[in-house]
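Below is one structure, written out as structure tokens; comments come after it.
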Amino acid sequence: MYRTDSLALNTPLNLGVTLSSAQTFQWVRRGRGWIGATGDSVVYLLQTQNTVLFRVYGGGEWDPVSYFRLDDDYPTIIRSIGFDPIVRRLINSQPGLRVTRQDPWECLLMFVLSTNNNYKRIVKMTLNVNRAFGKKVKTEFGVVHLFPTLESLSAASLQELVGCGLGYRSKYVLELARALREGGVDLGRLRGKPYEEVRSTLLGLPGVGPKVADCVSLFSLEKLESFPIDTWIRRVLAELYPHLLGEHLYRVLKDESKSLGVSVYRAISQKMRNYFGVYAGYAQNQLYYHSKKLIKKGFTRRSKS
DNA sequence: CCGGAACCTTGTTG
DNA sequence: ACAACAAGGTTCC
């Protein structure tokens with residue numbers, strides 16, 4: 001059983017780009033659209049010119065306006081971060097890459113899985129976890145599993161998680177689910193808290209470091225000023241924004257043989273928030289998505305294939 | 001607080 | 001063919 005609905009777009013959205021831009025790992029291409037499990041629903045999405053068609057299986061609620069943050073004032077955001085010539089050019093070259101508003105638990109789990117990992121495998125691991133712990137829902141594409149609840153995962157065994165291919169992340173996931181279930185942190189309540197408080201709370205959770213905390217803050221907890229720094233953003237900053245960093249931070253960033261210390265990470269992300277402002281996360285998203293072509297290293301590497 | 005190594009697994013690179 | 005490396009980092013020492 002499902003219901004079908006459609007949304008007429010009055011703001012730019014590129015569905016495929018947004019869903020495959022590594023801010024979420026729960027969507028896969030199916031037919032001409034995308035299918036994904038989130039909340040109490042399995043959702044199938046299809047974009048035509050200026051319309052998003054969506055089917056919601058499983059009886060849950062799902063709202064594309066909320067999920068893709070179409071309620072954000074896009075022109076205002078573009079105006080806010082578009083003072084930067086690089087970001088402005090990227091947005092103009094491909095409008096419609098949006099920042100998602102995900103379920104905090106789902107977002108947190110997927111980004112714990114994302115550490116020292118690649119996109120394809122993160123998607124695969126997420127699907128494995130869904131299959132092992134999520135309720136089944138019948139769709140016209142066959143049986144699809146819901147994203148597992150916090151409760152169902154906290155009851156998992158380490159071995160089951162290893163069986164999902166999570167590797168050494170199995171322990172983090174299990175400890176994370178149990179820590180949340182013990183009631184230490186109510187993720188939903190973090191939405192209303194300021195960035196610094198959200199960040200430090202998330203950092204207290206197993207498997208969560210500065211980068212994961214920033215991603216979860218940005219993609220599920222309304223902290224649009226959050227500016228996650230991963231290996232690609234690191235390269236982009238060293239390559240294109242050295243003047244913002246200062247000599248010391250620039251040299252630290254440039255030397256990729258060393259990982260960023262906590263305080264260096266903090267200093268740099270602070271500088272980027274100061275530079276881009278309250279919508280720094282939108283700018284980060286643009287820079288990340290296009291990073292591989294912005295970086296010489298990535299460019300030369302791929303041009304060989 | 002900093003530096004460095006270890007870490008599951010899969011796909012790609014040389 | 002096959003060792004070495006990278007992949008949206010974090011933890012432990």
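Letters A, B, ... are given to chains in the order of the sequence lines, protein chains preceding strands, and every chain is numbered from 1.
Other residues sharing a hydrophobic cluster with W34(A) under the 4.5 Å side-chain heavy-atom criterion for ILVMFWY residues are L7(A), L9(A), L13(A), L15(A), L19(A), W27(A), V43(A), L45(A), V52(A), F54(A), V56(A), W62(A), V65(A), Y67(A), F68(A), L70(A). When hydrophobic residues (I, L, V, M, F, W, Y) are linked wherever their side-chain heavy atoms come within less than 4.5 Å, V143(A) remains an isolated member. Under a 4.5 Å side-chain heavy-atom criterion applied to ILVMFWY residues, the cluster that includes L203(A) comprises that residue alone.
Side chain of S154(A) to backbone of E151(A): a donor-acceptor contact under 3.5 angstrom is found.
Within residues 156-176 of chain A, the residues approaching DNA chain C are Y168(A), Y172(A), by heavy-atom distance under 4.0 Å.
Across all strands, L205(A) comes closer than 4.0 Å only to sugar-phosphate atoms, never to a base (heavy-atom distances). Contacts of G207(A) with the nucleic acid, taken as non-hydrogen atoms under 4.0 Å apart, involve only primed sugar atoms and P, OP1 or OP2.
Side-chain atoms of R121(A) and base atoms of dT10(B) include no donor and acceptor less than 3.5 Å apart.
Side-chain N/O atoms of S263(A) include one lying less than 4.0 angstrom from OP1 or OP2 on dC2(B). Phosphate contact (OP1/OP2 of dG9(C), side-chain N/O of T231(A), threshold under 4.0 Å): present.
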Per-pair distances, 0.1 Å, donor-acceptor, side chain in residues 243-250 of chain A, under 3.5 Å, sequence neighbours excluded:
from	atom 1	to	atom 2	distance (Å)
E247(A)	OE2	R251(A)	NH1	3.0

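For the pair T115(A) and K124(A), both in contact range of DNA chain B, the more 5′-proximal nearest nucleotide belongs to T115(A).
Remark: Y168(A) engages no residue in a ring pair (Phe, Tyr, Trp, His ring centres under 6.0 Å) (not counting sequence neighbours).
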What nitrogen or oxygen pairs link the protein and nucleotides 3-5 of chain C at under 3.5 Å?
none

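Taking atom P in both dG11(B) and dT10(C), one finds a spacing of 24 Å when rounded to whole Å.
Taking a pair as Watson-Crick or G-U wobble with both distances under 3.5 Å, DNA chain C forms stems of 3 or more consecutive pairs at B:3-7 with C:9-13, B:9-14 with C:2-7.
For residues 109-135 of chain A, the set of pairs meeting the ring pair (Phe, Tyr, Trp, His ring centres under 6.0 Å) definition, not counting sequence neighbours, comprises F25(A)-F111(A), F25(A)-Y119(A), F111(A)-F219(A). For residues 170-179 of chain A, there are no side chain to side chain donor-acceptor pair (under 3.5 Å) pairs, not counting sequence neighbours. Applying the salt bridge (charged side-chain N to carboxylate O under 4.0 Å, His left out) definition to pairs two or more places apart or across chains, none involves residues 15-41 of chain A. For residues 74-93 of chain A, the pairs satisfying side chain to side chain donor-acceptor pair (under 3.5 Å) are D73(A)-T76(A), D84(A)-Y241(A), D84(A)-Y275(A), with sequence neighbours left out.
Salt bridge present: E222(A) and R69(A) bring a charged side-chain N and a carboxylate O closer than 4.0 Å.
In this structure, Y288(A) counts as stacked on the base of dG8(C) under the 5.5 Å centre distance and 30° plane angle limits.
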